[in-house]
Amino acid sequence: MTFLHSPGTGHRHGRDRRAAVVPAPDGRARFTGEAAPTAAVVGGGIAGLAAATLLAERGVRVTLHESEPSLGGRLSGLPTQLADGTTVTMSRGFHAFFRQYYNLRGLLRRVDPGLDSLIRLPDYPLRHSSGLHDSFARVPRTPPLSAMGFVALSPTFGLRDLARMNPRAALPLLDVRVPEVYERLDSISAHDFLARIRFPEAAHHLAFEVFSRSFFADPRELSAAELVLMFHIYFLGSSEGLLFDVPDEPFPTALWDPLHRYLEGHGTDVRTRTPVRQVRPRPDGGLDLTTDDRTTRYDALVLALDSGGLRRVVAASPELGDSDWRAGIDRLRTAPPFLVSRLWLDRPVAYDRPGFLGTSGYGPLDNVSVLDRWEGEAARWARRTRGSVVELHAYAVAPDADRGAVQAEVLRQLHRIYPETLSARIVDERHEWRADCPMFPVGGYRDRPGVRTPDPAVTVAGDMVRTGLPVALMERAATSGFLAANALLERWGVRGQTLWTVPRAGRSAVLRRLAALGDG
């Protein structure tokens with residue numbers, strides 16, 4: 001895979017001047033006519049949508065299988081009727097669309113060229129139960145000023161704290177490369193890595209724990225490589241900063257319904273509520289996919305499933321892949337359960353409450369969103385009822401926890417954080433429990449699949465996939481989906497999609513030289 005830095009082109013398109021471009025595989029423009037191959041994409045989340053979109057655009061006859069009733073994966077949503085008779089959308093929780101998510105944004109531009117459905121939130125505030133607050137609104141965007149500004153502006157870094165830190169242990173943060181970061185740091189936890197650096201305890205809890213829990217994992221379980229990669233993506237590797245956009249309507253309305261129509265306009269057969277049960281390679285190089293009601297032959301396959309779904313399909317398909325690949329898939333882990341509680345309240349929260357607040361030290365509560373600050377559907381309900389719509393998240397909940405007790409506790413913590421909600425009547429509430437996020441445990445990188453598999457007709461996509469690129473979370477899902485499609489198109493001699501990432505190494509030559517001292 002070849003990477004180039006393109007300062008001029010990237011800047012003109014609104015990207016970081018030092019963003020890296022991943023050239024597309026070359027070939028003819030697209031398939032035409034009935035000679036086009038058939039491909040099945042299994043999974044209708046971001047990864048599967050990216051793969052299906054690119055394949056369909058190149059003339060491949062695509063069938064998209066999704067087991068849920070709607071597209072979007074962990075960003076899906078379904079209608080529900082409230083006690084007051086209003087039909088609203090219940091989704092699986094808040095997601096931040098950061099500016100350095102170049103490939104995800106490229107997917108969305110298919111149906112929204114100006115990204116008009118995304119609106120900017122003014123800050124990414126953090127709050128600890130001790131009373132400490134942090135903010136990224138005034139932190140400079142350009143590295144290394146971004147990291148220096150965060151330290152200077154954060155109340156968690158005092159002079160005594162800075163004097164105690166171990167700068168040599170922090171050197172890996174200054175020059176992050178993939179896959180080298182995994183070779184160096186996948187063997188220790190995010191918690192232990194920060195302890196080695198002697199980060200101030202307050203900064204550890206307020207900032208880095210909030211970030212690590214965005215992987216739906218306790219920092220004691222999370223690979224340090226993932227945390228350090230995230231530091232590169234948001235701080236020292238990119239000038240895009242830590243501010244982000246959010247959709248101005250529920251996910252289906254703003255994103256997935258238009259993309260669904262776009263796919264069908266390109267000939268894609270979208271089949272929701274249709275899980276794939278088994279895959280069987282054929283002697284002619286194709287594959288048979290079995291669902292609950294039929295078995296269908298395809299020329300190629302993209303497995304764009306979550307970790308648990310991928311394990312299940314591979315386990316039920318004994319002829320797929322080889323023994324080493326199958327063993328790695330079998331060892332993939334799923335993160336602990338998480339909760340999304342959405343509350344429709346009969347009165348507004350205080351006018352100065354942020355749209356999103358990351359929290360630490362408030363029991364199981366990890367963040368609070370006031371949806372009517374940005375989401376049109378919630379805002380219309382709030383205006384009509386003079387109420388508010390609030391969403392609470394709890395990540396990495398113990399699998400054996402009393403779920404009712406967790407729901408009650410996050411509500412109690414909301415009352416601590418926003419006391420005006422204590423007197424509010426809950427008009428209605430919905431609680432979404434899921435356990436389908438990938439786990440990135442210490443030492444687990446070697447088991448994660450790459451995009452390519454032992455069978456050239458089969459590729460894998462998803463936010464747990466190894467891409468060889470500095471991407472994470474939703475951007476890893478989108479990037480891997482495009483890479484999975486590129487691999488198939490390259491095999492067929494058809495042009496793929498050019499991709500972008502944040503720089504693949506430390507941004508500053510001075511900092512890269514400092515980082516090299518840690519290798520001595």
Side-chain angles (χ1 to χ4, degrees), residues 14-16 75 91 93-102 104-105 108 112 114-128 131-143 145-156 203 206-208 210-211 213-214 230-231 233-235 238-251 254-255 342 345 348-360 362 365-383 387-393 414 417-421 473-475 502:
R15 301 183 188 93
D16 180 347
L75 278 75
S91 72
F94 171 89
H95 283 75
F97 289 69
F98 288 95
R99 306 293 170 78
Q100 49 272 77
Y101 288 179
Y102 304 129
L104 174 59
R105 287 169 173 263
L108 301 181
D112 183 8
L115 295 181
D116 298 323
S117 63
L118 298 181
I119 59 174
R120 176 181 178 270
L121 287 194
D123 196 4
Y124 189 160
L126 308 175
R127 175 171 167 175
H128 192 271
L132 289 173
H133 291 75
D134 237 328
S135 166
F136 295 97
R138 295 186 297 130
V139 173
R141 287 175 53 184
T142 303
L145 297 178
S146 51
M148 294 167 60
F150 173 66
V151 170
L153 294 170
S154 173
T156 63
L206 185 58
F208 286 95
V210 170
F211 293 148
R213 290 178 69 86
S214 67
M230 190 155 55
F231 189 90
I233 292 170
Y234 300 120
F235 277 109
S238 169
S239 67
E240 307 290 359
L242 255 169
L243 300 185
F244 53 81
D245 303 317
V246 290
D248 61 1
E249 292 291 346
F251 298 130
L255 309 177
R342 189 172 294 188
L345 306 179
V349 298
Y351 74 93
D352 59 346
R353 301 304 190 195
F356 174 84
L357 176 70
T359 62
S360 183
Y362 290 95
L365 182 64
D366 284 291
N367 56 61
V368 180
S369 299
V370 183
L371 268 69
D372 50 274
R373 294 287 189 266
W374 78 81
E375 187 187 272
E377 181 183 276
R380 292 187 291 274
W381 186 90
R383 282 196 301 269
S388 58
V389 185
V390 177
E391 185 175 280
L392 313 174
H393 288 197
L414 170 67
I417 296 170
Y418 295 164
E420 69 273 18
T421 62
L473 302 171
M474 291 192 292
E475 179 68 351
V502 301

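Index from 1, following the sequence.
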Minimum-distance pair of heavy atoms, taken over all atoms of [X] and [Y]:
{"X": "Asp372", "Y": "Ala382", "value": "CB-CB, 3.8 Å"}
{"X": "Ala96", "Y": "Met474", "value": "O-CE, 3.1 Å"}
{"X": "Tyr102", "Y": "Ser238", "value": "OH-OG, 4.5 Å"}
{"X": "Glu475", "Y": "Leu104", "value": "OE1-N, 2.9 Å"}

Atom pair [atom1]/[atom2] of [X] and [Y] - distance to nearest 0.5 Å:
{"X": "Leu118", "Y": "Glu249", "atom1": "CG", "atom2": "CD", "result": "12.0 Å"}
{"X": "His393", "Y": "Ser369", "atom1": "NE2", "atom2": "OG", "result": "5.5 Å"}
{"X": "Leu473", "Y": "Met230", "atom1": "CG", "atom2": "CE", "result": "6.5 Å"}

Sorted by chain and residue number, the side-chain hydrogen bond (donor to acceptor under 3.5 Å, both in side chains) partners of Thr421 (sequence neighbours excluded) come out as none
By side-chain hydrogen bond (donor to acceptor under 3.5 Å, both in side chains), Asp112 pairs with (sequence neighbours left out) Ser117
According to the interplanar angle, ranging from 0 to 90°, do the rings of Phe97 and Phe251 count as parallel (below 30°), tilted (30 to 60°) or perpendicular (above 60°)?
tilted
Sorted by chain and residue number, the side chain to side chain contact (heavy atoms under 4.5 Å, CB included) partners of Arg383 (sequence neighbours excluded) come out as Ala379, Arg380
Those residues at least two apart in sequence (or on a different chain) that pass side chain to side chain contact (heavy atoms under 4.5 Å, CB included) with Pro354 are Pro125, Leu357, Tyr418
- Message: Can a donor-acceptor pair be found, under 3.5 Å and without considering hydrogens, that links the side chain of Glu391 to the backbone of Leu371?
- Response: no
Check whether any side-chain N or O of Thr359 sits under 3.5 Å from a backbone N or O of Leu365 as a donor-acceptor pair, and report yes or no.
yes
Taken in chain and number order and not counting sequence neighbours, the residues that satisfy salt bridge (charged side-chain N to carboxylate O under 4.0 Å, His left out) with Arg99 are Asp245
Using side-chain heavy atoms (C-beta onward) and a distance below 4.5 Å, is [X] in contact with [Y]?
{"X": "Arg373", "Y": "Val349", "result": "yes"}
{"X": "Glu375", "Y": "Val389", "result": "no"}
{"X": "Ile233", "Y": "Gln100", "result": "yes"}
{"X": "Asp16", "Y": "Val502", "result": "no"}

By ring-ring contact (aromatic ring centres under 6.0 Å, His included), Phe98 pairs with (sequence neighbours left out) Tyr101, Tyr234, Phe244
